[in-house]
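To start, the structure under review is shown below, and the notes come after it.
Quick note: numbers below take in every heavy atom, side chains included, and nothing from hydrogens, waters or symmetry partners. The chains referred to below are lettered A, B, ... by the order of the sequence lines, with proteins before strands, and numbering in each begins at 1.
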Amino acid sequence: MATACTLVVSFPRHKKHPSNPDPISVTVNNERFFANHPLLQLLDQCSKTTHLKQIHARMLRIGLFSDPFSASKLIQASALSELSSLHYAHKVFDQISQPNLYSWNALIRSYASSKEPIKSLLMFLQMLYQSDELPNKFTYPFVIKASAELLALRVGEGLHGMVLKSEVGSDLFVLNSLIHFYAQCGCLDLAHRVFLSMPKRDVVSWNSMIVGFAQGGYADQALELFHGMEEENLRPNDVTMIGVLSACGMKMDLQFGRWVHSYIKRKGIKGNLILNNAILDMYVKCGSVADAKRFFDKMEDKDVVSWTTMLVGYARMGDFNAARTLFGEMPYQDIAAWNALISAYEQNGNPKEALATFNELQLSKEVKPDSVTLVSALSACAQLGAMDLGGWIHVYIEKQGIKFTCHLTTALIDMYSKCGDLQKALEVFNSVESKDVFVWSSMIAGLGMHGRGRDAINLFLKMQETKVKPNAVTLTNLLSACSHSGLVDDGRKFFNQMEPVFGIVPGVKQYACLVDILGRAGHLDEAVDLVENMPIPPGASVWGALLGACRLHGNLDLAERACDQLLELEPQNHGAYVLLSNIYAKSGKWDKVSELRKLMRNSGLKKEPGSSSVEVNGIVHEFLIGDNSHPLSKKIYLKLDEMIARLRSSGYVPNKSQLLQLIEEEEEQDQALYLHSEKLALAFGLISKSPSQPIRIVKNLRICDDCHTVAKKISKLYNREILLRDRYRFHHFKAGECSCMDFW
DNA sequence: ATAGGGTTAG
């Protein structure tokens with residue numbers, strides 16, 4: 001303790017105008033302290049930055065700014081007010097010769113919840129190294145929050161260490177912020193460990209943990225914790241319930257959701273807009289638009305989130321009209337509302353409408369597309385094979401200087417791959433610096449679907465040199481790449497490595513891939529053995545893969561067995577009927593084929609109509625079987641006749657094994673084949689695209705044997721490159737050959 | 001002498 005203490009008290013010498021009083025100060029050991037000056041009280045009432053600046057000026061004039069306490073008040077006001085002129089606050093801060101801990105904390109806090117949380121950490125470091133101040137119990141929650149925003153696991157762990165060594169190691173606020181931090185970084189086990197280690201927990205501790213579990217996708221754990229909270233007689237609040245509702249939505253458990261809703265009412269938990277929106281969202285996620293609508297109509301306050309949530313509800317039910325209407329009724333449409341509509345179309349099998357809406361958005365000029373919009377639009381392009389538009393979006397992203405987030409990169413790679421331009425996909429992949437597991441996985445998928453299995457494997461190996469860990473999707477894509485290229489040994493090897501090397505338990509999807517790999521290569525016994533000894537029940541995809549193998553290798557008994565199993569799991573799977581009937585047709589069992597058709601008709605199943613699309617000058621033209629709705633239909637059929645004639649003279653004989661029904665007349669059989677949508681698309685491509693451009697066709701189903709042969713021959717006879725994407729993969733037709741090596 | 005943590009749609 002200082003023993004020699006000089007104390008000087010100075011009073012104002014004379015009364016001045018009351019709004020401009022002289023400061024009252026106390027000097028201790030040559031350091032001057034000012035009493036709470038009336039000017040400082042004005043700071044709280046500032047409503048404009050100009051007010052702030054005026055007070056700042058006055059403070060400088062009367063020397064109040066040199067008082068650290070007063071300066072810290074100014075920092076606080078400029079950094080944390082609604083106006084939040086953080087930049088200004090920082091400049092003011094830099095003028096303070098010896099900022100006190102309070103000023104540091106105010107700025108660190110403000111940066112933590114700003115758009116640049118990294119600056120919070122930089123300020124923190126600056127404080128550690130360039131000042132004498134040490135962090136206190138207020139500092140830690142801010143910097144930990146900044147680390148959470150940045151998902152900076154290492155930084156947060158370091159802070160955790162500092163906390164443990166300091167005196168604030170058991171501060172409730174600090175520990176709560178650590179729970180939130182670990183949960184945000186996806187380390188729920190670490191978050192939970194902090195939670196359990198706490199000597200005391202308050203409602204925020206529970207909320208952080210519950211919300212953490214809910215957002216991390218662990219609905220059960222979140223709900224379990226909610227019950228645990230009840231057992232401890234701790235009163236849940238609105239934030240708790242928001243977390244619980246989010247978990248309900250994930251579980252899609254309407255019963256329980258309704259119970260939670262009534263619980264909120266029963267316990268008198270004070271409602272607010274966010275909570276109400278969460279209730280609405282829960283009903284939508286649980287699939288009850290009726291409950292959602294009832295609640296929505298009763299809501300007094302509604303914001304864009306409420307409207308958008310309701311819109312999504314309609315869209316999920318496939319009620320696009322209601323969604324559209326609601327969109328029009330909203331007080332205003334922000335970009336999120338547009339995004340909801342666009343992605344609703346895109347994710348519910350209506351990519352064309354998604355692009356039409358995207359177009360509408362651009363014409364409206366009210367709001368600008370953001371990266372979410374572009375991801376949805378790119379995905380719609382990918383589905384349609386609309387590469388002109390996809391490429392345009394790519395340019396748009398570059399021109400607008402929009403950041404290539406991993407999400408966007410993934411969407412671009414996927415779009416280019418699925419539109420058939422693998423080279424462009426690789427260019428995008430190679431040009432970006434940040435690659436997360438999805439970026440890598442999409443590139444592996446791209447190589448795989450184009451039959452470049454060896455390259456896909458090499459990329460996977462390269463991925464392992466980075467810190468990015470493969471996930472289940474990566475492995476599925478890798479295995480499917482092996483399957484498309486017939487790489488049996490590699491496929492088997494990677495499958496066996498899954499659990500021991502990559503720590504991923506093989507799921508139904510990966511089993512299906514391996515069955516496909518083995519089956520395609522003709523190892524039917526091994527495939528059957530695998531299916532029979534699976535530790536998990538074989539899903540429809542596994543039986544489907546086996547059935548596909550039977551189609552290739554013509555094993556009737558096994559095909560019937562697989563088909564039975566498949567239909568038991570998915571009675572509506574028309575693909576199963578089609579595959580089996582292909583197998584019957586191949587072995588000439590036309591009676592069985594018609595029997596199957598009868599069965600299909602009786603169970604109200606229709607074969608999904610085949611359709612093929614070609615993009616010309618940014619417009620996607622779609623063709624159905626025997627389609628003559630196209631304006632150039634006459635020309636297309638003339639071209640088709642010419643194609644067939646040229647093919648015939650070069651020795652082509654139609655392959656009818658994949659007709660779905662027995663057509664008696666030979667000529668009619670041929671006609672049915674000629675009318676296949678991919679042939680119409682091909683004819684249209686030939687007349688409307690210049691010879692230097694490849695013809696890109698997207699087919700919704702698998703390409704049939706005959707169309708495959710025709711495309712090969714056409715590529716040679718007309719010297720054209722043809723890129724056809726079917727349901728499973730790409731076929732590059734060039735000079736009479738196909739990249740799939742006739743193996744698909 | 002001043003202060004802090006957890007929250008919904010896409």
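Among the heavy atoms of the strands, none lies under 4.0 Å from A:D303. If you check every strand for non-hydrogen atoms under 4.0 Å, A:L311 touches nothing. Using a 4.0 Å heavy-atom criterion, one finds that A:E346 contacts no nucleic acid atom at all. Using a 4.0 Å heavy-atom distance criterion, A:Y140 is classed as making no nucleic acid contact. When heavy atoms are screened at a 4.0 angstrom cut-off, A:K302 is found touching no nucleic acid atom at all. If you check every strand for non-hydrogen atoms under 4.0 Å, A:A278 touches nothing. Base contact: A:S72 has a heavy atom under 4.0 Å from a base atom.
Here B:dG10 presents its P atom at 18 Å from CG of A:L361, a figure rounded to the nearest Å. For A:N100 and B:dT2, the CG to P distance is 12 Å, given to the nearest whole Å. Between the NZ atom of A:K137 and the P atom of B:dG4 there is a distance of 12 Å, given to the nearest Å. Rounded to an integer number of Å, the gap from A:Y314 OH to B:dG10 C1' is 19 Å.
Here the side chain of A:F69 is nearest to one of B:dA9, B:dG4, B:dT2, namely B:dT2.
Within a 6.0 Å sphere centred on CD of A:E230, other residues, nucleotides and ligands contribute more than 12 heavy atoms.
Within residues 225-257 of chain A, the residues approached by DNA chain B to less than 4.0 Å at the level of any non-hydrogen atom are A:N237, A:V239, A:I242, in residue-number order.
Remark: the A:N277 side chain and the B:dA9 base include no donor-acceptor N/O pair separated by less than 3.5 Å. Side-chain atoms of A:N105 stay outside donor-acceptor range of the base of B:dG4, with no qualifying N/O pair under 3.5 Å.
Under the stacking definition used here (centres under 5.5 Å, planes under 30°), the residue A:Y102 fails to qualify as stacked on the base of B:dA3. The aromatic ring of A:F138 does not stack onto the base of B:dG4, failing the criterion of a centre distance under 5.5 Å from the six-membered base ring together with planes under 30° apart.
In this structure, A:R201 satisfies the cation-pi test against A:F195, with its NZ or CZ atom closer than 6.0 Å to the six-membered ring centre and inside 45 degrees of the ring normal.
A donor atom on one side chain and an acceptor atom on the other are found under 3.5 Å apart for A:D303 and A:N277.
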